[in-house]
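Here is the structure we will look at.
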Number of protein chains: 2
Amino acid sequence: MPTKTADHVYFPRLAAERLDIALCRASATVSRAADTHAAETGLGVGQHLVLQMLDAVGPCSQQTLSEELRIDRSVMVGICDDLQQEDLVRRERNPRDRRSYAVTITDSGRRRLAQAQTSVPAFLDDTFRSLAPEERAQLSTLLGKLLGIGA
Amino acid sequence: MPTKTADHVYFPRLAAERLDIALCRASATVSRAADTHAAETGLGVGQHLVLQMLDAVGPCSQQTLSEELRIDRSVMVGICDDLQQEDLVRRERNPRDRRSYAVTITDSGRRRLAQAQTSVPAFLDDTFRSLAPEERAQLSTLLGKLLGIGA
DNA sequence: CGCCAATCGTTTGACAACAGATGATTTGCA
DNA sequence: TGCAAATCATCTGTTGTCAAACGATTGGCG
């Protein structure tokens, strides 16, 4: 995660000419905001995503979580470790395939998720306050296209 | 830099609900492409930015470069080290303030920059091929707004 | 002048993310 | 059945970035 931003001025022609850099900057800015929000809710971004997915689709293996959420397997280990330690998920062996876990969200996991869910919209509104709602939608669409999602 | 992406499917509701994540993904994807391009031209992204700025505004201190390009001072040390080693910049002490350097682009630095500049548009066209030109412009505008550039 | 704070470049240590290797288990195929 | 290959979770080592601390130098103020 990049350094705290100060009130400096970007090299002016940067944003227009190098979309790659601009995306990187934007990502960093938003990630930082997300981390702050995460610290407040007590759920890291990765942890939040995992809970969200478990709540939506039911028990998953870490492998499935990794692939769907595009989080590296070895990182997923740590995320699940932390979630388990806080009793937000359970790790049970999948009886059908004992290589894999069946990671399951617990009741307190659901409660924690619910708390976070209500604060996410406020966080997003704050983070993207420089964009009008329709611009946010545009941005979302464009990023979706760029990433090849929901084409 | 995140892992190589495969042809998996994102957790479907991600892009719309969590722009932060989408930005992160997009940034990662594009960064990876930028790194590939950088490897081809022999100029890392940071090195390219520094040369670009030195060429545009003349000799700078590392401090100025850091602030304008939003690259951490301690990272700038390494970037300038590498550039100097390849004889693309010179580091002279600023006689007015001997604490700081006057980092100056060399002739071979200018040549290297010129080579890279011609290949950047091609690289960008390839990376953003899933977006129409007007969409790229839109994206650029939106990111600029989000970052508070050229408002 | 003389001292204290600030600045510039650098080094060090910490941390997150990734690539690759490992052990346990399962699957595919002869 | 039996064995090789694949898969899941994990661990280790590497890389890139950041925060904090450090010398060297400068500027401000009595």
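Below, chain A is the first sequence line, B the second, and so on; all start at residue 1. Note that these values count all heavy atoms, side chains included, but never hydrogens, waters or copies made by symmetry. Owing to the predicted nature of the structure, the values given are computational and were not obtained by experimental measurement.
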Whole angstrom value for the distance that separates C1' of C/dG9 from CG of B/D82: 16 Å
Protein-nucleotide distance (B/D97, atom CG; D/dG28, atom P), rounded to Å: 12 Å
Distance-only polar pair, side chains of B/Q62 and B/R91, donor-acceptor under 3.5 Å: yes
Interatomic distance where CG belongs to B/L69 and P belongs to D/dT17 [whole Å]: 13 Å
Any donor-acceptor N/O pair, A/T104 side chain to A/V89 backbone, under 3.5 Å: no
Presence of donor-acceptor pair under 3.5 Å, side chain of B/R99 and base of C/dT7: yes
Check: B/A132 main-chain N/O paired with B/E135 side-chain donor or acceptor under 3.5 Å: yes
Atom pair distance, as rounded to whole Å: CD in B/E67 and P in C/dT7: 10 Å
Distance, rounded to the nearest Å, where B/N94 contributes CG and D/dG27 contributes P: 10 Å
Whole-Å distance separating the CG atom of A/L49 from the P atom of C/dA17: 12 Å
Residue A/Q63, side-chain heavy atoms: nucleotide from D/dA9, C/dT26, D/dC18 that is nearest: D/dA9
Atom pair distance, as rounded to whole Å: CE in A/M76 and P in D/dC11: 16 Å
A/R91 side chain near D/dT10 phosphate (N/O to OP1/OP2, under 4.0 Å): yes
Among C/dC18, C/dG9, D/dC8, the one nearest B/Y101 by side-chain distance: C/dG9
A/S61 vs A/N94 side-chain heavy atoms within contact, under 4.5 Å: no
For atom CD1 of B/I79 and atom C1' of C/dG9, their distance in whole Å: 14 Å
Sugar-phosphate only, base, or nothing, as touched by B/S100 at under 4.0 Å among non-hydrogen atoms: sugar-phosphate
Side-chain ion pair, B/R73 and B/E67, N-O less than 4.0 Å: no
Distance below 4.0 Å between A/Q62 side-chain N/O and D/dC8 OP1 or OP2: no
Touch class at under 4.0 angstrom, heavy-atom based, for B/R73 against every strand present: base
